[in-house]
Structures are given as structure tokens and as C-alpha cells.
Amino acid sequence: MSEMNPNRKIIHIDMDAFFASVEQMDNPELRGKPIAVGGAENRGVVAAASYEARKFGVRSAMSGILAKRNCPDIIFVRPRFERYKEISNQIHKIFRDYTDLIEPLSLDEAYLDVTQNKKGNPSASLLAQEIRNRIYNEVGLTASAGISINKFVAKIASDYNKPNGQKTVTPEEVIPFLEVLPIRKFYGVGKVTTEKMYQLGIFSGLELKSKSLEFLEKHFGKSGSYYYNVVRGIHNSEVKPSRIAKSVAAEHTFEVNLSSEVFMLEQLELIANSLERRLKKHKVSGKTVTLKIKYSDFTQQTRSKTLPYFIADKGLILETVKELLYQERMKDSVRLLGISMSNLNTEVKKAVVAVQLKFDF
């Protein structure tokens, strides 16, 4: 079994309501008002919400209709992804002044390994504060940060003092921090798993920690060892500057719900065409085909099949998708369909560097 490594210094930077904040920065008339990026059309979905809108329960991935119901005064703004990418590049330029070990998770968040950094500063907390100050002064946006010994704890910590704050969990604080943490706040534990843990009497990190490895593997399969380790502060995943995609996907939300498999097949053929183009663009193929189905009541279902060989051809993809489509009857009309390829033929090369440093937060 691995052991907790107290010698690493990891910062997780998370921009505050990034898309919405960019829109408010660029348009002063939107400042201080509840806004949602996206979601304006009948079938629209909110991509991001300002903190003024979040007070009314508006969240990302919520339908525009529900957002309007929760907040009648909400202002919908069309997304400008090129602008968000431009701002993200400015932020990453700041990151590179401190370390080359940067792992982006999306346009608005990233891990930074500052165990050894370009400033020669032994305090990860001070570095995080400096980075956040620079983002505010040079870009005009606020960011929050989590600082700890691994990516798992840093990710959770960055959410504690949002917006425009940071939290440090030092090596000696990691175990007490995780023991009192509600299980729903564990990164990687979704709604379904949370409910399952509740049924097993697991409501906090301490209760998770009391379960044996055998117990967790019995109830959660391969994820059991992950839960067993992270609650003990063990998460040795490196900050990877070049993240290799684990899957390639394409999906589409429909203007009108689909209730016939015939119409669904027509749309899936178009989606398979898009997926084939993306696979060819990235020069990858995969073995596992997954069909994503989102029903009219917003519940979601996935059906997967792993083939004995790699594929990237739309014809072979569609053939597998048809099989998955007819695997069982639809429980309702469908508002979104998607296809993804995983188990890709990409090779990951890991370089392991052992660093022994005094850990000064």
C-alpha cells in the first residue's frame, strides 16, 4: 500500500464564475446583476452563472427555463468561447512564471506543482496568494485556490473560501481535514455514489476511513481502493503538463424531444460523423463505445461496449451504437444523444521524480 507523501506542494487554481465574470468584466452594464452564459433558447442549458444568479439557485448544466423560473430577472448572455480561451491563455502565462508543471483541467482551472518553483519561494500559500493577486491586477478577474500535498486535497480546498479566497491544508492537517469532510464533498464521489455510501452508513471521511479495503472493493469495485487511499491522504497522481485525452466525444441536444428510435438513429449517424472527424483530427482510435442518453426529465443513462480492436470509422461506431440503442427500451422521450470513444490507443509515458524537501506551507 502506498503512503502519504508530505513533501509535495500542489496548488489548485479555480477561476470564480469564469465565463460569467468575463462577460461582466467586458460589459460594465452586467456587473452586479444575475447573469447566465447560455441557456437562452427553449432547449438551452446554462454554461455558467454569476454569483448574483447563484443566490437564486441558478447553476451550470441547469436548463434555461428553470433558471428563468428561479430568477425572473436573470440576463442570458451568448457564450464567447474564443474570448474565454484568450483570457485563459493570459492566466496560464502567469502560471508559467512560477512553474512549468501545470495541468489544465479546463479553461478556468488548473493544478500547479510548486514543490520546486521558479521563484525559489518555499511557501506554496504565499505563491498562491501572489498568483491570485497577479490574475486580478493583470487580467481583472478573481480566482480561488486550494493548497496541499496532493491534487485531491487541493481540489477540495479551493472550493472552501470561494469566491476570491484560498485555503491551505498542511501535511499535519490533511487527515483531520478529511475525517470531518462530508462524503458528498469528496472529489470523485458523485450523487449516485453518495447515496450508496449513505445507505452503507458512510456520511463523513471518518466513517469512510473505518471501512476495510475489502469492504470498499466489494461495494465499489475498482473505485474501492481509490476511496480507501484518498481518505488517508494518499493520492500520488502527478501534475501532468500534457494531459492525454482519455476519451473523444460528440453529442447533440434536440429542439424537440425524440421518442422514436428511427429518428434517434438518424441523429446518431450525424453524431457519429462528427465523432469520426474528431478522432481523425486527434489521430486516435478507441475500443470502448459509449452511448449517452439524456431523457426529457433530465435523467441520464450511458450504455457501453468494449470491442476487441481499435476503431475510428463512423460505420463501425454506428454499428455498435445501434446495438446499444436497442439494448433496452427507452424509459422516456430523449432530449440529448451523445457518442464517446474511450480506451484509446494513446500511450502515456510517466516520468517519476523523487523530491525530498522540507515542506514549508
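Here, residue 1 is the first one in the sequence, and each next residue gets the next number. As the structure is a prediction and not an experimental result, all values here were calculated from the model.
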L279 backbone acceptor or donor facing S285 side chain under 3.5 Å: no
F18 versus S88, closest heavy-atom pair with distance: CZ-N, 4.1 Å
Residues that N150 engages under side chain to side chain donor-acceptor pair (under 3.5 Å), provided they are two or more places apart: none
E86/R83 ion pair, N-O < 4.0 Å: yes
Verdict with reasoning, Y160 to V169, per side-chain contact (heavy atoms from CB on, under 4.5 Å): CA-CA 11 Å; Y160 259 69; V169 183; over 6 Å; no
Step-by-step side-chain contact (heavy atoms from CB on, under 4.5 Å) determination, S225 to E217: CA-CA 6 Å; S225 61; E217 287 182 335; 3.9 Å; yes
Ion pair D159/K185, N-O distance below 4.0 Å: no
Under 3.5 Å: donor-acceptor pair, side chain of R31, backbone of M25: yes
Which atom of A47 lies closest to which atom of S60, heavy atoms considered: O-CB, 3.5 Å
Where I271 and A250 come nearest, the two heavy atoms and their spacing: CG2-O, 3.3 Å
Beyond-backbone contact of L337 with I293, side-chain heavy atoms, under 4.5 angstrom: yes
T99 vs N117, side chain to side chain donor-acceptor pair (under 3.5 Å): CA-CA, chis, key distance, verdict: CA-CA 5 Å; T99 179; N117 60 81; over 6 Å; no
Residue of the set R335, M264, E266 for which side-chain contact (heavy atoms from CB on, under 4.5 Å) holds with L258: M264
Cation-pi check, K119 onto Y98 ring (under 6.0 Å, within 45° of axis): yes
More than 12 heavy atoms from other groups under 6.0 Å of NZ on K196: yes
Donor-acceptor pair, side chain of S21 and main chain of A17, under 3.5 angstrom: yes
Close side-chain approach of V289 to I339, heavy-atom, < 4.5 Å: yes
Side chain to side chain, K281 and V248, heavy atoms closer than 4.5 Å: no
S340 side chain to S247 side chain, donor-acceptor N/O pair below 3.5 angstrom: no
Polar side chain donor-acceptor pair, S144 to D16, under 3.5 angstrom: yes
Residue E82 excluded, over 12 heavy atoms near CD under 6.0 Å: no
Parallel, tilted or perpendicular: rings of H92 and F95 (30°, 60°): perpendicular
Side-chain heavy atoms of L291 within contact of L268, under 4.5 Å: yes
Smallest separation among heavy atoms of L200 and K211, with atom names: O-NZ, 3.9 Å
Criterion side chain to side chain donor-acceptor pair (under 3.5 Å) on E261 and Y326, from CA distance to verdict: CA-CA 8 Å; E261 280 89 349; Y326 292 111; 5.9 Å; no
Gap between atom CG of L141 and atom CG of N164 - 0.5 Å precision: 10.5 Å
Carboxylate-amine/guanidinium contact E276 K280, below 4.0 Å: yes
Ion pair check, E103 and K151, cut-off under 4.0 Å: yes
Exam field: side chain N137 to backbone N133, donor-acceptor pair closer than 3.5 Å: yes
Derivation of the side-chain contact (heavy atoms from CB on, under 4.5 Å) call for N7 and T115: CA-CA 8 Å; N7 295 315; T115 310; 5.8 Å; no
N/O donor-acceptor pair under 3.5 Å between R132 side chain and T142 backbone: no
Lys/Arg N to Asp/Glu carboxylate O, D113 vs R8, below 4.0 Å: no
Straight-line distance of I149 CD1 to K9 NZ, nearest 0.5 Å: 13.0 Å
Neighbour count above 12 (heavy atom, 6.0 Å) for K118 NZ: yes
Under 3.5 Å side-chain donor-acceptor pair for E269 and N273: no
Donor-acceptor under 3.5 Å (E251 side chain, L336 main chain): no
Passing option when T306 is tested against T290, T288, T320, N343 for side-chain hydrogen bond (donor to acceptor under 3.5 Å, both in side chains): T288
Beyond-backbone contact of K209 with I175, side-chain heavy atoms, under 4.5 angstrom: yes
side-chain contact (heavy atoms from CB on, under 4.5 Å) between Y187 and V230, intermediate numbers included: CA-CA 10 Å; Y187 180 55; V230 293; over 6 Å; no
Value rounded to 0.5 Å, distance of CZ in F177 from OG1 in T170: 11.0 Å
Heavy-atom neighbours of Q327 CD exceed 12 at 6.0 Å: yes
Atom pair CD1/CD1 of I87 and I135 - distance to nearest 0.5 Å: 11.5 Å
Smallest separation among heavy atoms of S212 and F215, with atom names: OG-N, 3.0 Å
Note, V174 side chain near S148 side chain (heavy atom, < 4.5 Å): yes
Side chain to side chain, H282 and L344, heavy atoms closer than 4.5 Å: no
From NZ (K287) to CE (M341), nearest 0.5 Å: 10.5 Å
Heavy-atom side-chain proximity of L208 to L216 below 4.5 angstrom: yes
Atom CZ of F310 with >12 non-hydrogen neighbours under 6.0 angstrom: yes
Linked, directly or transitively: F263 and L318 (ILVMFWY side chains, under 4.5 Å): yes
Parallel, tilted or perpendicular: ring planes of F19 versus Y84, cut at 30 and 60 degrees: parallel
Nearest-0.5 Å distance that lies between atom OG in S123 and atom CD in E130: 10.5 Å
Whether over 12 other heavy atoms sit under 6.0 Å from K322 NZ: no
Under 3.5 Å: donor-acceptor pair, side chain of T194, backbone of R184: no
Distance-minimising heavy-atom pair for L127 and V114: CD1-CB, 3.9 Å
Plane angle bin for H235 and Y226 - parallel if under 30°, tilted between 30 and 60°, otherwise perpendicular: perpendicular
Co-membership, hydrophobic cluster, residues V58 and V22, 4.5 Å side-chain: no
Any side-chain donor near an acceptor of the partner, D108 and S106, under 3.5 Å: yes
Parallel, tilted or perpendicular: rings of F203 and Y198 (30°, 60°): parallel
